[in-house]
Engineer: 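Got a structure for you, written out below as structure tokens; questions coming shortly.
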There are 2 protein chains.
Amino acid sequence: MASTLEEIAELSGVSRSTVSRVVNNDPRVSEATRELVLEVVRKEGYRPNLAARGLALGRSNVIAAVIPVGFENVLSDPYFPSLLQGMASAADTNDHFLMLSLGEPGFRHTVDEIARQGVVAGVIFSASKVDDPLLERLVATGTPVVSVGRPYDERVSYVDIDNRGSARQMTTQLLRLGYRRVALIAGPSFAPAAVDRSDGYADALSGFGLRVDENLIYEGDFSEASGRAGMRTLLEHRPDAVFSASDRMAAGALNEIRSAGLRIPEDIALVGFDDMPLAAEMEPPLTTVRQRPHQLGAAAATLLLDLLADPTGSPKRVILPTELIVRASCGSQLNQETLSR
Amino acid sequence: MASTLEEIAELSGVSRSTVSRVVNNDPRVSEATRELVLEVVRKEGYRPNLAARGLALGRSNVIAAVIPVGFENVLSDPYFPSLLQGMASAADTNDHFLMLSLGEPGFRHTVDEIARQGVVAGVIFSASKVDDPLLERLVATGTPVVSVGRPYDERVSYVDIDNRGSARQMTTQLLRLGYRRVALIAGPSFAPAAVDRSDGYADALSGFGLRVDENLIYEGDFSEASGRAGMRTLLEHRPDAVFSASDRMAAGALNEIRSAGLRIPEDIALVGFDDMPLAAEMEPPLTTVRQRPHQLGAAAATLLLDLLADPTGSPKRVILPTELIVRASCGSQLNQETLSR
DNA sequence: TTGTACGCGTTATCAG
DNA sequence: CTGATAACGCGTACAA
């Protein structure tokens, strides 16, 4: 039950320093004493005290995940849990811990305070809106930050998926199948991911020599309700296919289409984005773009740890691949196809 | 930009100790100097270094949330995010931080290690299975623990809802409406909450002088898929109503009922448990028991902090109220009724 | 009421 | 290769 360096030193008949070296894999220690000390360490179940280590080192091995989960509806799919799981997993394998901060306004301890307190070595920011002031403050104070999803500020490193390319490919898929009045249920314009997906949609249209028809675009907020409302509006303009920027909005759209007595995909094709678990269960199963929040979270944590190890470099970016998942809702059973980048 | 006690002392012309006392609201300091020091503290934006404080005090102000999220399906509703949000919120208002530990097997740093390292003052355990070895280890090492949901071990404090009473009330509701062949899609028997709900179901039946018919009980695992499979099995025995121990299983059951060409509630009534957001959106809207994960999380964190402040007392319990939410799926539009306890 | 001095457990520096 | 010893920033008996 010995739990300090001092005690281990006593038990193995060496000095504190030597034990410290052994614990930290310092090469400057003879193989013999290393073995000896390690034995005692194992036997006593010794673990270094992280507070003390953090104090001595001037840095901690705790990273914070900041998620401003203001909207209830953001919680309705396993995206954030998976993201967190990925971050926790990556942090763990790198001997770091994950601290959680739900950026609810009204929280007393804002993240920048936390960062300054030395508890946290770096921060992973997620679901930030465009031009988030909190993110700005963090950058200003020099706290290492990684954003999940492209941030407004060019200086911050981030991990993301290729939203624009994926949306383009999905829309192109619809166009290839012959649909010509492809509507878009977009995400909220304050979300970079939503903007990128809308851009990808436009890219695809112009790639086919088609012009963007504002009547065929509705801006939702990623919620199922907004998807349904959007679909109601769009139906007036007779689209033959709909690309929803999220599966949850697609679910709402699906309900509306059904209520209107239309069939999917015979009367109107429907595709989504995210491949949340529900997508495969829908009637008909939803064609969509698969992203892997778990990997995204893991990549974010890893990137942050890289930054911590080498604070000098310029902002880094990691773009994770997505997959086009073709199911019945788009009126085709083409083979599954992988978006490379 | 001054950030140590020493610097603040210098700037305000007093000693370190005095500044420390001011920061910690020690009464033994004159109002005059207090004002003076506070002014400097504010101006410099000073925040105490938590690592140092934790080291000196021998305890930290970080609590850990442990969630063994092995099953993908556990993530499919906002229960855990809400729970986490509640915990984070309560921790924050009490000047504590929340550390996340997904008890994935295969994690290198298990919670008991973390606790021993002094990083964490206490642990909130959630979704533990009956007789969880990790929980046992924590208790054995004397780490303050609070469980979300009744744990197997009698010695650990916990917060919970009245699963048994709520299930009894819900089942009784069905019996009052005249249903006599009330089936149960139970949760997994390793989950205390599931066991309690099954017991409540049985309570209600015996309250009406009915006997439990094993043919009308199916044990699922809280997943939608298991709900569907369970319903398929149960339909062979012609129930006139079904109580599902979770909304997600109810969703699966609903699909199966529909596939069988039966109407809800005309041919068969269906009720759930949880009141997840989707419940109100189902067709027909689902009668269910509402629990508030956010409050549960907040209560758990608060209880843990109480324990930390007063480690002596015997195990404490907090039972949160639930509400019976009556919607169309049970074939009645009675007024909403609150389960007191 | 205020200041001095020591300890918390670790790492790093510098002798040996 | 190993061992003293000084930080790291803070809280707190103890003394003034």
Side-chain angles (χ1 to χ4, degrees), chain A residues 1-38 40-41 44-62 95-97 113-121, chain B residues 1-38 40-41 44-62 95 113-121:
Chain A
M1 293 301 179
S3 41
T4 83
L5 224 42
E6 189 76 64
E7 294 173 300
I8 300 295
E10 183 99 14
L11 263 53
S12 32
V14 297
S15 76
R16 242 192 358 250
S17 324
T18 302
V19 180
S20 176
R21 292 193 185 98
V22 171
V23 170
N24 294 295
N25 288 317
D26 189 314
R28 304 174 304 178
V29 51
S30 75
E31 204 50 39
T33 47
R34 177 184 303 281
E35 288 302 331
L36 171 66
V37 173
L38 274 180
V40 179
V41 164
E44 296 292 317
Y46 165 81
R47 303 286 158 184
N49 179 311
L50 291 179
R53 175 178 283 180
L55 183 57
L57 250 39
R59 61 189 169 74
S60 82
N61 55 352
V62 177
D95 292 314
H96 279 247
F97 299 105
E113 285 182 8
I114 297 174
R116 254 188 312 185
Q117 289 180 347
V119 243
V120 156
Chain B
M1 294 299 179
S3 40
T4 83
L5 223 43
E6 188 77 39
E7 293 173 302
I8 300 295
E10 183 100 14
L11 264 53
S12 33
V14 297
S15 77
R16 255 204 334 266
S17 332
T18 303
V19 179
S20 174
R21 292 191 185 99
V22 171
V23 170
N24 295 297
N25 289 317
D26 190 313
R28 305 174 305 176
V29 52
S30 75
E31 204 50 42
T33 46
R34 178 184 302 281
E35 288 301 331
L36 172 65
V37 173
L38 274 181
V40 179
V41 164
E44 296 291 318
Y46 167 80
R47 302 286 158 184
N49 179 310
L50 292 180
R53 175 178 285 178
L55 185 57
L57 250 39
R59 59 185 171 78
S60 82
N61 57 349
V62 177
D95 291 316
E113 286 181 7
I114 297 175
R116 252 188 312 185
Q117 290 180 347
V119 243
V120 156

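Heavy-atom basis, side chains included; hydrogens, waters and symmetry copies ignored. Note on naming: letters A, B, ... go to the chains in the order of the sequence lines (proteins, then strands), and numbering restarts at 1 for each one.
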Engineer: Can you check the A:L55 CG to C:dA12 C1' distance for me, whole Å?
Structural biologist: 13 Å
Engineer: I want to check one thing: is the phosphate of C:dT11, taken as OP1 and OP2, less than 4.0 Å away from some side-chain N or O of A:S20?
Structural biologist: yes
Engineer: Rounded to the Å, how far apart are B:L57 CG and C:dC8 P?
Structural biologist: 13 Å
Engineer: Return the value, rounded to whole Å, for the distance between atom CG of A:L50 and atom C1' of D:dC8.
Structural biologist: 15 Å
Engineer: Quick check: do A:N49 and A:T4 have side-chain heavy atoms less than 4.5 Å from each other?
Structural biologist: no
Engineer: How close or far is atom P of D:dC1 from atom CG of A:L36, stated in whole angstroms?
Structural biologist: 16 Å
Engineer: In whole angstrom, give the distance that lies between atom CZ of B:R16 and atom P of D:dA13.
Structural biologist: 16 Å
Engineer: What about A:R21: does its side chain form a donor-acceptor pair under 3.5 Å with the base of D:dG3?
Structural biologist: yes
Engineer: Does any donor-acceptor pair link the side chain of B:S17 with the base of C:dT4 at a separation under 3.5 Å?
Structural biologist: yes
Engineer: Report the nucleotide, chosen from D:dG9, C:dT10, C:dG3, that has the shortest atom-to-atom distance to any side-chain atom of B:A56.
Structural biologist: D:dG9
Engineer: Is B:Y46 close to B:V23 at the side-chain level, that is, under 4.5 Å between some pair of heavy atoms?
Structural biologist: yes
Engineer: For A:V23 and for B:T33, find the nucleotide of DNA chain C with the closest heavy atom, then tell me which residue's nucleotide is more 5'.
Structural biologist: B:T33
Engineer: On the nucleotide D:dG11, are OP1 or OP2 found under 4.0 Å from the side-chain N or O atoms that B:R53 carries?
Structural biologist: yes
Engineer: Just how far, in rounded Å, is C1' of C:dT2 from CG of B:D26?
Structural biologist: 11 Å
Engineer: If I take atom CG in residue B:N49 and atom P in nucleotide C:dT10, what distance separates them, rounded to the nearest angstrom?
Structural biologist: 17 Å
Engineer: If I take atom CG from residue B:L55 and atom CG from residue A:L50, how far apart are they, to the nearest 0.5 angstrom?
Structural biologist: 11.5 Å
Engineer: Rounded to the nearest angstrom, tell me the gap between atom CZ in A:R28 and atom P in C:dA15.
Structural biologist: 14 Å
Engineer: For B:Y46 and D:dG9, is the shortest distance between a side-chain N/O and OP1 or OP2 below 4.0 Å?
Structural biologist: no
Engineer: On DNA chain C, check which nucleotide each of B:A52 and B:R34 is closest to and give me the residue with the more 5' one.
Structural biologist: B:R34
Engineer: Is a donor on one side and an acceptor on the other found under 3.5 Å between the side chain of A:S20 and the backbone of A:R16?
Structural biologist: no
Engineer: Answer yes or no: does a side-chain N or O of A:N24 lie under 4.0 Å from OP1 or OP2 of C:dT11?
Structural biologist: yes
Engineer: Return no unless some side-chain N or O of A:T4 is found under 4.0 Å from OP1 or OP2 of C:dG9.
Structural biologist: no
Engineer: Donor-acceptor pair, A:D26 side chain versus A:R28 backbone, under 3.5 Å?
Structural biologist: yes
